[in-house]
2 protein chains.
Amino acid sequence: MRDNQINDALIAGLRQGSRRALARVITLVERSRADAEAAVRALYAHTGRAHVIGITGSPGSGKSTLVNELAKAFRARQDAHGRPFQVGIVAVDPSSPFTGGALLGDRVRMRDLAGDAGIFIRSMATRGQLGGLAEATAAVVKVLDAADFDIILIETVGAGQAEVDIAGTAHTVLVIEAPGMGDEIQTIKAGILEIADILVVNKADRPSKSSTVKALQMMLHLNPTGTRAGYEIRHHGQLMTVPGHDNGSPPGDHPRWETALCETVATEGVGITALVDHIQHHRAYLQESGEWRVREQERSRQELNHLLQARFMAHLAAVVPESQRQELIAAVAARHIDPYAAVAQLYARMGV
Amino acid sequence: MRDNQINDALIAGLRQGSRRALARVITLVERSRADAEAAVRALYAHTGRAHVIGITGSPGSGKSTLVNELAKAFRARQDAHGRPFQVGIVAVDPSSPFTGGALLGDRVRMRDLAGDAGIFIRSMATRGQLGGLAEATAAVVKVLDAADFDIILIETVGAGQAEVDIAGTAHTVLVIEAPGMGDEIQTIKAGILEIADILVVNKADRPSKSSTVKALQMMLHLNPTGTRAGYEIRHHGQLMTVPGHDNGSPPGDHPRWETALCETVATEGVGITALVDHIQHHRAYLQESGEWRVREQERSRQELNHLLQARFMAHLAAVVPESQRQELIAAVAARHIDPYAAVAQLYARMGV
């Protein structure tokens, strides 16, 4: 557990506002699980204050530009002590095995947001480990939180389950759409709409905007409480009802959050102020309704599961040498032993 | 382990070709892990013969229609003994928490393929468990394999990591694109192109087809060995090079498979014969080069990891009551204990 490079000086520097210490800690956290663990253990008691905002949506929706505009808009607002918000951006690309794309995104961003020490940007691609990226992202968010960032924007590239999972750990989830994606929009919606606290139609200066907005409004209308009621989708030209489920009600009898629908033109800065207002309203709603606490617990539950599995796999690697695991895998592939029997053997070897 | 409903009569019926026994076994496998385990253990020795084909791609690419056409085309071909191929279709939707969509897909399919006992169709949506869907899909594929299906088509809806993971377990992976998805196509490519053995441009009667085909050819040209060399993407209007990696070389000095590019109009049945030819060439390539065995081993490795983690989580649930896990989660959410310390406590309780 001690083969990490996180030390007291780094942690103290980070807590005192050193951007250099922050960058170093994040690099270490991305690089190894031991460092991620050491950093989180040292910093965890100082976390819990930041407003974590997940931003997801289809490729081509203009997410990155919107995130940049959000960062600038939050920088122009102040906390209760009259200090401008500090904004962290974590751009996550689970679908890419390359860090190339991530670095690229960084460079485009840097040009736009460079020179503002109150904005910190980090791009992350896959670690190449099962669940590794989600774990690393969670750790980086905690590090930024403990470094007194008020607003943390997690942008996920793509719209698959991994992206939804990562964005879903945020307090506030924005789903971004662009007009004119035609029939396909309906398909994408099915999986992703229900995690949205705020729906954003970006590129709202396009002529095809109104049909997209109408389609989304119809879905929200079918779902007037804003949370996970049934709604309809168009599939092969037929309108079908998707059954609802209900796991989003706030504790007590506080009214539910109604999913907001915002229109923006991020490239022109249009609609950003209203969007930031909505995000801040959502934060107030979460805190007043008690749902902030509910979401923190859900996040903690998911995190414990991830960490438990990671620890288990590390334990396995320590107890059963790679060569023996390879032999067993070859036996399974050759149908000499079934996979459940192989798992039972491995499990027994671990002394469980 | 014995609270399952798989019995010898069901297994015998399935092996003798009873579609009723097959449907029953699959329903049980989907419903519970105990049944999935019992079915796989009983049938595993009879698996390994089927050609498993993964089909993925963006929403709107016409995947479902193409899969239907492939199924019909394979039915018209014969195995070495002159018997028409039997075809299983497994449609998986990891992005949807709803079974509604899955059932819907079934109904559309049924209309098209009904009445052919040599085609068996099953749609699957999320089980609501971590990794549950991948495990259930793997089990259903084995059941179809043991029921003497020659061709198993796994269709995944969406194009995220979960879909790529599921399709990636197949022997042959088809990635489907439609023309006219504009700049976005480049973004989607980055994550998904590299798992393709065969790239299919469907809806190839659209006027915008040639630019899509050209873009894909450029990527394949930049990647002439067909496997995971670097290629370029257009990002924010700039052409950038994505670095390559190399994990796909066949054993020995057999030449590599060159990713094939096929054009189809699935709604008209155009290009299907050539596509099926390519799929059968790929199977021959896999077997002659030894890569079939390599892919089987990779699949077995992933499967063992999934099953190990599932077993571990089940063990945890048995040893630490839900109420105690809830308490610990609340303590983590309140920052009274850090998540790594909480994991250490749980791990110790499991006697590991």
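Side-chain atoms are counted along with the backbone in the values below, which use heavy atoms only and exclude waters and symmetry mates.
Within the 4.5 angstrom heavy-atom criterion, only side-chain atoms of B:Glu303, from C-beta onward, approach chain A. Neither the backbone nor the side chain of B:Arg325 has a heavy atom closer than 4.5 Å to any heavy atom of chain A. At a 4.5 Å heavy-atom cutoff, B:Ala334 makes no contact with chain A through either its backbone or its side chain. Neither the backbone nor the side chain of B:Leu43 comes within less than 4.5 Å of any heavy atom of chain A.
In this structure, CE in A:Met350 is found 7.5 Å from CG in B:Leu308, a value given to the nearest 0.5 Å. Summarising the geometry, atom CZ belonging to B:Arg41 is positioned 8.0 Å from atom CD1 belonging to A:Ile337; distances are rounded to the nearest 0.5 Å.
Heavy-atom pairs under 4.5 Å with chain A peak, among B:Glu296, B:His46, B:Arg299, at B:Glu296. Between chain B and the options A:Ser300, A:Ala341, A:Pro339, A:Ala45, the largest number of non-hydrogen pairs under 4.5 Å is found for A:Pro339.
In this structure, the side chain of A:Tyr44 does not engage the main chain of B:Tyr340 through any donor-acceptor pair within 3.5 Å.
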Candidate pair B:Arg49 and A:Arg335, rule side chain to side chain contact (heavy atoms under 4.5 Å, CB included), full reasoning: CA-CA 11 Å; B:Arg49 217 178 46 82; A:Arg335 269 71 181 176; over 6 Å; no
B:Phe312 and A:Met313: CA distance, side-chain angles, deciding distance, side chain to side chain contact (heavy atoms under 4.5 Å, CB included) verdict: CA-CA 10 Å; B:Phe312 178 72; A:Met313 293 311 280; over 6 Å; no
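Summarising the geometry of A:Ile329 relative to B:Gln297, their closest heavy-atom pair is CG2-O, 3.3 Å, with the distance given to 0.1 Å.
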